[in-house]
Undergrad: 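Once you've had a glance at the structure underneath, I'll fire off some questions.
All ligand and atom numbering here is 1-based and tracks the order in the structure. The analysis underlying the following values was restricted to heavy atoms, covering all of them including side chains, and did not include hydrogens, waters or symmetry mates.
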Amino acid sequence: MGEVISVVNQKGGVGKSTMASILARNLAKTHRVLLIDFDGQATLTELVDLPSHFDADFLDEYRKTDSISKIFERETIEPLDITSILKDENGKSIVPINELHFIPSAGNSMSFIAESVSAGKDLMLKKFLGKIKGDYDYIVIDALPSVTTLFKNVLLASDALIIPIQTKTNAIAGANSFLKILDEVLGDYENSYKHIFVLPTMYNKQRKDDNDTLAEIMTGYMKYLKALTHLGKIPSSMLDAIPERSVFSNAQSVRYFLQDYIEGFDTGKKDILLLIEKMSNTIISTLKG
Ligand SMILES: Nc1ncnc2c1ncn2[C@@H]1O[C@H](COP(=O)(O)OP(=O)(O)OP(=O)(O)O)[C@@H](O)[C@H]1O
Ligand SMILES: [Mg+2]
């Protein structure tokens, strides 16, 4: 049964989309994975670059019938199988791939949905995923950076959360207030999670600011999380910090998943691959319990 792992933070630009794509790609090496772009900014949908891999008429039709917005009309949608886009013409891929499916963002109409989806529709994503969960081992959701009914749909559909936090000055105050909002939402719905992973990102070990913030995440922030009424009862832990490296944005700008980009074009960065492998394995083993 698919474990739903959502990457969430109300703050923009902290690496949510990047980490969601990396985690999904890594899990898909050996598992059946569904990646969902639930953000109107469509960062992951651009990364996957559907027009380069699918016929234009097919995509037009797909967007009409299978938009994520349809789930709010109680319809079931068919995820796109993007496994083959990671393989060459001989059916081989540099990085192993088992199965990766994708639900693209509804783009601009996401903000329209955000306004029109009423509070009574906060369980629609959970209901939809309930129908297709059996087809996957993991479902990774890139959430939108706002606290709307759409966002509550993500929170209520998830089995585990990953909260990326940039190791930059002043990151902690915002991160704390986001936890408070999560705690209130959970209290209202009596929802729970298997685990909450805190993921420090864009860490530059040469900078004092980054080291101070990382230390603060390890101590003050984790303590704050464990002291909250509802979130505090859920097991939580911090993952190893992801370093700030240009390879992350380089891969994104040429529309490659990071792992395929490094193995194909930038093999000097294999230390990053090892780190990601470790992160992915920690998440798998923690969720297996
Ligand atoms: N570890 C990293 N080192 C360097 N750059 C990174 C790293 N992680 C992400 N980036 C870059 O930072 C930018 C923001 O990342 P990303 O789009 O993943 O953030 P986000 O939280 O999804 O943003 P938004 O809230 O707008 O959706 C991107 O240009 C991305 O390539
Ligand atoms: Mg994003």
Undergrad: Using a 4.0 Å heavy-atom cut-off, which part of P145 comes near ligand 1: side chain, backbone, both, or neither?
TA: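 Looking at P145 and ligand 1, just side chain atoms fall under 4.0 Å.
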
Undergrad: Taking only Lys NZ, Arg NE, NH1 and NH2, and the carboxylate oxygens of Asp or Glu, determine whether K126 and D159 approach each other closer than 4.0 Å.
TA: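 Salt bridge between K126 and D159, a charged N being under 4.0 Å from a carboxylate O: no.
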
Undergrad: Closer than 4.0 Å to some heavy atom of I242 - which atoms of ligand 1 meet that?
TA: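 Numbered from 1, ligand 1 contributes 1 (N).
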
Undergrad: Check this for me: K11, atom NZ, are more than 12 non-hydrogen atoms of other residues, nucleotides or ligands nearer than 6.0 Å?
TA: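 Incorrect, the count does not exceed 12.
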
Undergrad: Under 4.0 Å between a Lys/Arg side-chain N and an Asp/Glu carboxylate O for R32 and D135?
TA: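 Judged by the 4.0 Å cut-off on N to carboxylate O distance, R32 and D135 do not form a salt bridge.
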
Undergrad: Tell me whether R255 is salt-bridged to D49, with the criterion being a basic N under 4.0 Å from an acidic carboxylate O.
TA: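 Here R255 pairs with D49 in a salt bridge, since their nearest N and O are under 4.0 Å apart.
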
Undergrad: For atom 12 (O) of ligand 1, what is the closest protein heavy atom, and at what distance to 0.1 Å?
TA: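 Of every protein heavy atom, M202 CE, 3.6 Å lies nearest to atom 12 (O) of ligand 1.
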
Undergrad: Under 4.0 Å, heavy atoms only, figure out whether ligand 1 is touched by the backbone of S246, its side chain, both or neither.
TA: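 Neither part.
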
Undergrad: Can you sort out which atoms of ligand 1 are near S249, meaning under 4.0 Å from one of its heavy atoms?
TA: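 Once the distances to S249 are compared, the set is 31 (O).
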
Undergrad: Are the charged groups of K168 and D210 less than 4.0 angstrom apart, N to O?
TA: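 So K168 pairs with D210 through a salt bridge.
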
Undergrad: Are any of the side-chain nitrogens in E3 or K194 under 4.0 Å away from the carboxylate oxygens of its partner?
TA: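 The answer is yes: the pair qualifies as a salt bridge.
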
Undergrad: Protein N/O/S atoms under 2.8 Å of the Mg ion (ligand 2)?
TA: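 Only S17 OG fall inside 2.8 Å of the Mg ion (ligand 2).
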
Undergrad: Of all the non-hydrogen atoms in the protein, which one sits nearest to atom 4 (C) of ligand 1, and at what distance?
TA: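 Protein heavy atom with the smallest distance to atom 4 (C) of ligand 1: R245 O, 3.1 Å.
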
Undergrad: One pair to check against salt bridge (Lys or Arg N to Asp or Glu O under 4.0 Å): E263 and K270. What are the steps and the verdict?
TA: CA-CA 8 Å; E263 289 288 11; K270 291 208 176 170; 3.2 Å; yes

Undergrad: Y136 vs H101 aromatic rings, parallel, tilted or perpendicular, using cut-offs 30° and 60°?
TA: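 If you compare the ring of Y136 with that of H101, the planes turn out perpendicular.
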
Undergrad: List ligand 1 atoms under 4.0 Å from V14, heavy atoms only on the residue side.
TA: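 Counting atoms of ligand 1 from 1, those under 4.0 Å from V14 are 19 (O), 20 (P), 21 (O).
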
Undergrad: Can you classify the ring geometry of F54 versus F58 as parallel (below 30°), tilted (30 to 60°) or perpendicular (above 60°)?
TA: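 Parallel.
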
Undergrad: Distance to 0.1 Å, residue and atom name: give those for the protein heavy atom nearest to atom 20 (P) of ligand 1.
TA: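 The closest heavy atom on the protein side is K16 N, 3.5 Å.
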
Undergrad: Is the shortest side-chain N to carboxylate O distance from D66 to K70 below 4.0 Å?
TA: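 No, this pair does not count.
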
Undergrad: Check this for me: does any side-chain nitrogen of one of E277 and K29 sit under 4.0 Å from a carboxylate oxygen of the other?
TA: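 So E277 pairs with K29 through a salt bridge.
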
Undergrad: Report the part of Q252 (side chain from C-beta onward, or backbone N, CA, C, O) that has a heavy atom under 4.0 Å from ligand 1; answer both or neither where that applies.
TA: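 Within the 4.0 Å criterion, Q252 contacts ligand 1 through side-chain atoms alone.
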
Undergrad: With the threshold set at under 4.0 angstrom, would you say P164 reaches ligand 1 through any of its heavy atoms?
TA: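 So P164 does not count as touching ligand 1.
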
Undergrad: With a cut-off of 4.0 Å, which atoms of ligand 1 are near a heavy atom of P243?
TA: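 Those atoms are 1 (N), 2 (C), 3 (N).
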
Undergrad: Considering heavy atoms of the protein only, find what lies nearest to atom 24 (P) of ligand 1 and give residue, atom and distance to 0.1 Å.
TA: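 In this structure, atom 24 (P) of ligand 1 has G13 N, 3.4 Å as its nearest protein heavy atom.
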
Undergrad: Less than 4.0 angstrom from a charged side-chain N to a carboxylate O is my criterion; do K180 and D183 meet it?
TA: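 Salt bridge flag = no for D183 with K180.
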
Undergrad: Quick check on contacts: which atoms of ligand 1 are under 4.0 angstrom from a heavy atom of D39?
TA: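 By the 4.0 Å cutoff, the relevant atoms are 27 (O).
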
Undergrad: Excluding sequence neighbours, so at least two apart, what forms ring pair (Phe, Tyr, Trp, His ring centres under 6.0 Å) with F38?
TA: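 Ring pair (Phe, Tyr, Trp, His ring centres under 6.0 Å) list for F38, sorted by chain: empty.
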
Undergrad: Please determine if D260 and R25 form a salt bridge, counting it only when a charged side-chain N lies under 4.0 Å from a carboxylate O.
TA: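 Salt bridge present between D260 and R25.
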
Undergrad: Students should be able to answer this: which protein heavy-atom is nearest to atom 19 (O) of ligand 1, and at what distance?
TA: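 Checking every protein heavy atom, the shortest distance to atom 19 (O) of ligand 1 gives G15 N, 3.0 Å.
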
Undergrad: Got a sec: does the CG of N170 have more than 12 other heavy atoms crowding it under 6.0 Å?
TA: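 12 or below, so no.
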
Undergrad: What protein heavy atom lies closest to atom 6 (C) of ligand 1? Include the residue and the distance to one decimal.
TA: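 I find the closest protein heavy atom is F248 CB, 3.8 Å.
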
Undergrad: Numbering the atoms of ligand 1 from 1, which are under 4.0 Å from a heavy atom of G12?
TA: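 In order of numbering, the contacting atoms are 25 (O).
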
Undergrad: Looking at ligand 1, does any of its N/O atoms fall within less than 3.5 Å of an N/O of T18?
TA: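 Yes.
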
Undergrad: If you measure from each heavy atom of T201 to ligand 1, is any distance below 4.0 Å?
TA: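 Judged by the 4.0 Å heavy-atom criterion, T201 does not count as contacting ligand 1.
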
Undergrad: How does Q41 reach ligand 1, if at all, at less than 4.0 Å between non-hydrogen atoms: by side chain, backbone, both, or neither?
TA: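 Near ligand 1, Q41 shows its side chain, while the N, CA, C and O stay back.
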
